[in-house]
Amino acid sequence: GLGVINIPVYVHVVYSNANQNISNTQIASQISVLNEDFRKANNDLNLPSGTTFANDATDVEIEFTLANTFRYSNARTSWGTNNAVKSAYPPVSPSTHLNIWVAEIGGGILGYAQFPGGNSATDGVVISPQYFGTTGFVSAPFNKGRTATHEVGHYLNLRHIWGDGRCRQDDFVADTPSSDGPNYGCPSFPTVNCKTPDMTMNYMDYTNDACMYMFTDGQRNRMRAILNPGGARAAL
Ligand code: ARG
Ligand code: ZN
Ligand code: CA
């Protein structure tokens, strides 16, 4: 195997007001969360003991290093989900770097990502500033940096835990149980929609930041497969 993989990150801060021009401290807080979550070093792991999920949290062995930050002032106040911000400020070396745009999407949307294998001109992740990092201009209950963890999961080929379908729609990961649709808020265990408990605490559900805290072994393998030689993100 590849051992611990390091992904260098470029952060593009696109702001129309001073709040959105987030601090270097806020950016660093997000890089820290990514490193904790992808190394199973997060201190909020809370899997219900004595259940089928008790031992399912996995160290993905991916780390992230901030390579550079770019800042752009722009009068536009929302950027939508159609890659407009990437057209305005193109990704830098997307085959070797994860590009993250911190820009107001609008409509209460937290973030969006491009799956592996897409157009390099739009490759990367976009997150609204108030959902990026854990300190500064952040907004509960999405102030624990989990939007980036979720979006980087997509960027590394993970689907939503419910497969974007109903109970029988697969997320292509064997050890995540089927679920019927997104869960929100902070569900209690067990939350059952498809015969067995939903893994509401998985980063790829839609629960509050404080209530998602794990990837599984199957998700680890799916993410690392595209980083292996021949994989869509091998150059990272
Ligand atoms: N809605 C976004 C997506 O589907 C992000 C959801 C992130 N959830 C969170 N608790 N931060 O990609
Ligand atoms: Zn998602
Ligand atoms: Ca599954």
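Counting starts at 1 for both ligands and their atoms, following the listed order. Values in this document were obtained by computation on a predicted structure and should not be read as measured data.
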- Message: Side chain or backbone, does T147 bring an N or O within less than 3.5 Å of an N or O on ligand 1?
- Response: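 Yes, at least one N or O pair falls under 3.5 Å.
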Hey, are the side chains of [X] and [Y] touching, using non-hydrogen atoms and a 4.5 Å cut-off?
X	Y	value
S178	R166	no
I127	F142	no
K40	F215	no
Y15	S73	yes

- Given OD1 of D171 on one side and O of V173 on the other, what angle do they make at the Ca ion (ligand 3), to 10°?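 Seen from the Ca ion (ligand 3), OD1 and O are separated by roughly 80°.
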Of the side chain and backbone of [X], name the one, both, or neither that has a heavy atom under 4.0 Å from an atom of ligand 1.
X	answer
Y112	neither
L110	side chain
I109	neither

- Identify the closest protein heavy atom to atom 9 (C) of ligand 1: which residue and atom is it, and at what distance?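 Residue, atom and distance for the closest contact: D209 OD1, 3.3 Å.
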Ignoring hydrogens and geometry, is there a side-chain-to-backbone donor-acceptor pair from [X] to [Y] under 3.5 Å?
X	Y	answer
N208	C211	no
R76	S78	yes
D175	G218	yes

Need the ligand 1 atom indices (1-based, order shown) with element for anything under 4.0 Å from a heavy-atom of [X].
X	answer
F142	9 (C), 10 (N), 11 (N)
Y206	1 (N), 3 (C), 4 (O), 6 (C)
R146	11 (N)
T207	9 (C), 10 (N)
G111	2 (C), 3 (C), 12 (O)

- Backbone or side chain, does S178 get an N/O/S atom under 3.0 Å to the Ca ion (ligand 3)?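 S178 does not place any N, O or S atom closer than 3.0 Å to the Ca ion (ligand 3).
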- Task: Evaluate the ring-ring contact (aromatic ring centres under 6.0 Å, His included) criterion for residues F189 and F53: first the C-alpha distance (whole Å), next the side-chain angles of each, then the deciding distance (0.1 Å), finally the verdict.
- Result: CA-CA 10 Å; F189 182 88; F53 294 168; 5.7 Å; yes
- Message: Same cluster or not: I109 versus Y131, using hydrophobic residues (I, L, V, M, F, W, Y) connected whenever any side-chain heavy atoms lie under 4.5 Å apart?
- Response: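 In one cluster with I109: Y131, no.
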- What's within reach of the Zn ion (ligand 2), meaning protein N/O/S atoms under 2.8 Å?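 Listed by chain and number, the atoms are H150 NE2, H154 NE2, H160 NE2.
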- Item | H12 ring center near Y89 ring center (under 6.0 Å) |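 No, the ring of H12 stays outside the 6.0 Å limit from the ring of Y89, centre to centre.
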- Item | Close approach of H160 to ligand 1, heavy atoms, under 4.0 angstrom |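 Yes, H160 has heavy atoms under 4.0 Å from ligand 1.
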- Query: When the ring planes of H150 and H154 are compared, do they come out parallel, tilted or perpendicular, using 30° and 60° as the limits?
  - Reply: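 Ring orientation of H150 relative to H154: perpendicular.
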- Query: Taking the inter-plane angle between the rings of Y10 and H97 on a 0 to 90° scale, is it parallel (under 30°), tilted (30 to 60°) or perpendicular (over 60°)?
  - Reply: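 Y10 and H97: parallel rings.
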- Item | Test ring-ring contact (aromatic ring centres under 6.0 Å, His included) applied to F64 and F38, step by step | CA-CA 9 Å; F64 301 85; F38 281 80; 5.1 Å; yes
- Message: If you take the nearest heavy atom of each of E151, M212, H154, which one is closest to atom 3 (C) of ligand 1?
- Response: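 The residue whose heavy atom sits nearest atom 3 (C) of ligand 1 is E151.
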